[in-house]
Number of protein chains: 2
Amino acid sequence: MSHTLGIRQAQKQKTRQALQDAALQLLEEQSLSSLGLREVTRAVGVAPTAFYRHFRSTADLGVALVEEALGSLHPMIRTTVSTAGDSAERIERAVELIARHVDAYPAHVRFIARERHGGVQPVREAIRDQLARFAEEVRAELAKDPVSAGWSDDDLLMLAHLYVDQMLSTASLFLETLDAPEDERARVAGLARRRLRLISLGRLHWNGG
Amino acid sequence: MSHTLGIRQAQKQKTRQALQDAALQLLEEQSLSSLGLREVTRAVGVAPTAFYRHFRSTADLGVALVEEALGSLHPMIRTTVSTAGDSAERIERAVELIARHVDAYPAHVRFIARERHGGVQPVREAIRDQLARFAEEVRAELAKDPVSAGWSDDDLLMLAHLYVDQMLSTASLFLETLDAPEDERARVAGLARRRLRLISLGRLHWNGG
DNA sequence: AATTCCAGAGAACAGTTGTTAACTGCATGG
DNA sequence: CCATGCAGTTAACAACTGTTCTCTGGAATT
């Protein structure tokens, strides 16, 4: 049960969220590695020292952003690779879902793509861990599919990671088409579908390592 | 013919290279977006203002690093996807070549992986352009293979980009095993081989869009 | 109603940054 | 041999950074 927060805790969470939102916006044109604590507080309109009430450092802020950006994605994953429908339908559904997600949370997608290999170790690790959880869920979902008969767990995990990577790569491509003409977005969608189709073909003919 | 540089030009190129080397080393623990000009000159042991004799800004330095890191890779690409040998041999050769490259130029690999989606636009664009050139060369090489009969140029380019992405992804994985035990490296190599094998299987059964 | 707690403000700190200007010494070309 | 060019130096600038300490006002607790 969710206990209603006091005025005090509520206000604190509000400022904290404001800091995260401001950071996410500032990170459109730079990396977390160069994000300054004062820069963030200035954008929110709060004293620099208030930052420490919420985060130890900007790296700590970054880890919180990873949770925000990826934590809410887990339920979506399951429906994305759900075994319902034939292969073409599933691919179409997945690409569509990715496109919508990029539209809804472009800053989140940019942040993850940028910091996955970025210059701040704790953030890299947080992203790696979350993506590993994703891959594990995808693997579990793939295992339900009769196509996966004869597959080792290791091979299934390999395939799951391949799908997760494709998801991120596709999201990153969609990100670049956000302020591009519609036909450019359609081209990316077509490209993503063909890539998934090729991987699915390889999956169908997998001989088992 | 290569005209011998004067003492002057030679010394200039030497410091320029020193700046690039120092930057590359400093970028192991941060992103280009936070790399300071003074930081670089201090590491080289040269006055901050000397920087301007070589680069307009650190972003400019970054673009030069892209050339250095990726420019020399083109000849290697051709042999990597050359049509010699059967599928398993080609995959083995490719993974081996990537592993050796990561061993030889870890800082280069880290830089490209980090800045491909990094916070400095000109650098992102430079990397994107170079990778597009790679993909184009891979496409040309793939086109020679009889397996590619019936493939459209567009589909071949899609496959080529898939291979290039795999190359980068694998290199990034090898990078993380640089100070890890040998069996960890072997595990990554095996993973990379299986991923390439799955893609190659998809390629063999491609029905043509 | 009195007391404690704590998110945020304010001021000050030493250290850093990019950029400008005027300079020096040495390799170069006439 | 002398004049020019130019890589690198020195000094100084305003602006910015993260962090510490002290303080305040109002919510939370008793």
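Reminder, nothing fancy here: chain letters follow the sequence lines and each chain counts from 1. The model shown is predicted, which means the values in this text are computed figures rather than measured ones.
Residues A:P48 and B:T15 each lie close to DNA chain D; by heavy-atom proximity, the contact nearer the 5' end of the strand is made by B:T15. Toward the 5' end of DNA chain C, the nearer of the two residues A:R38 and A:V46, judged by each one's closest nucleotide, is A:V46. A residue-by-residue look at B:L37 and A:K12 shows that A:K12 has its nearest nucleotide of DNA chain C further toward the 5' end.
When B:L73, B:L65, B:I127 are each tested for a side chain to side chain contact (heavy atoms under 4.5 Å, CB included) with B:I112, only one passes: B:I127. B:D155 pairs with exactly one of A:R194, A:R197, A:R195 by the salt bridge (Lys or Arg N to Asp or Glu O under 4.0 Å) rule, that one being A:R194.
Rounded to whole angstrom, the span from the OH atom of A:Y52 across to the C1' atom of C:dA9 amounts to 15 Å. Summarising the geometry, the separation between CZ on A:R8 and C1' on C:dA7 is reported as 6 Å, rounded to the nearest angstrom. The CZ-C1' distance, from B:R16 to D:dG8, rounds to 16 Å in whole Å. Rounded to whole Å, atom P of C:dA7 lies 17 Å from atom CD of A:Q17. What separates CD1 of B:I7 from C1' of C:dG25 is a distance of 14 Å, to the nearest Å. As a whole-Å value, the separation of A:R56 CZ from D:dG18 C1' is 16 Å. B:Q9 has its CD atom 9 Å from the P atom of D:dC6, to the nearest Å. Straight-line distance from the CD atom of A:Q11 to the C1' atom of C:dC6: 13 Å, rounded to whole Å.
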DNA chain C in dot-bracket form (Watson-Crick or G-U pairs under 3.5 Å, [ ] crossing, | inter-strand) is ||||||||||||.||||.||||||||||||
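Between B:F55 and B:F51, the two ring planes are tilted [angle within 30° to 60°].
When distances are taken from the side chain of B:A47 to each of C:dA7, D:dT9, C:dA12, the shortest belongs to D:dT9.
For the OP1/OP2 pair of D:dA15 and a distance below 4.0 Å, the side-chain nitrogens and oxygens of A:R42 include no atom meeting the criterion.
Using a 4.0 Å cut-off between charged side-chain N and carboxylate O, B:E136 and B:R133 make no salt bridge.
Here the closest heavy-atom approach between residue A:A126 and residue A:V63 is recorded as CB-CG1, 4.3 Å. The two residues B:L198 and A:I199 make their nearest non-hydrogen contact at CD2-O, 3.6 Å.
Side chain B:T49 to base D:dT10: a donor-acceptor pair is found below 3.5 Å. A donor and an acceptor atom never sit less than 3.5 Å apart when one is taken from the side chain of A:R53 and the other from the base of C:dC6.
Considering only heavy atoms from C-beta on, A:L159 comes within 4.5 Å of A:W151 through its side chain.
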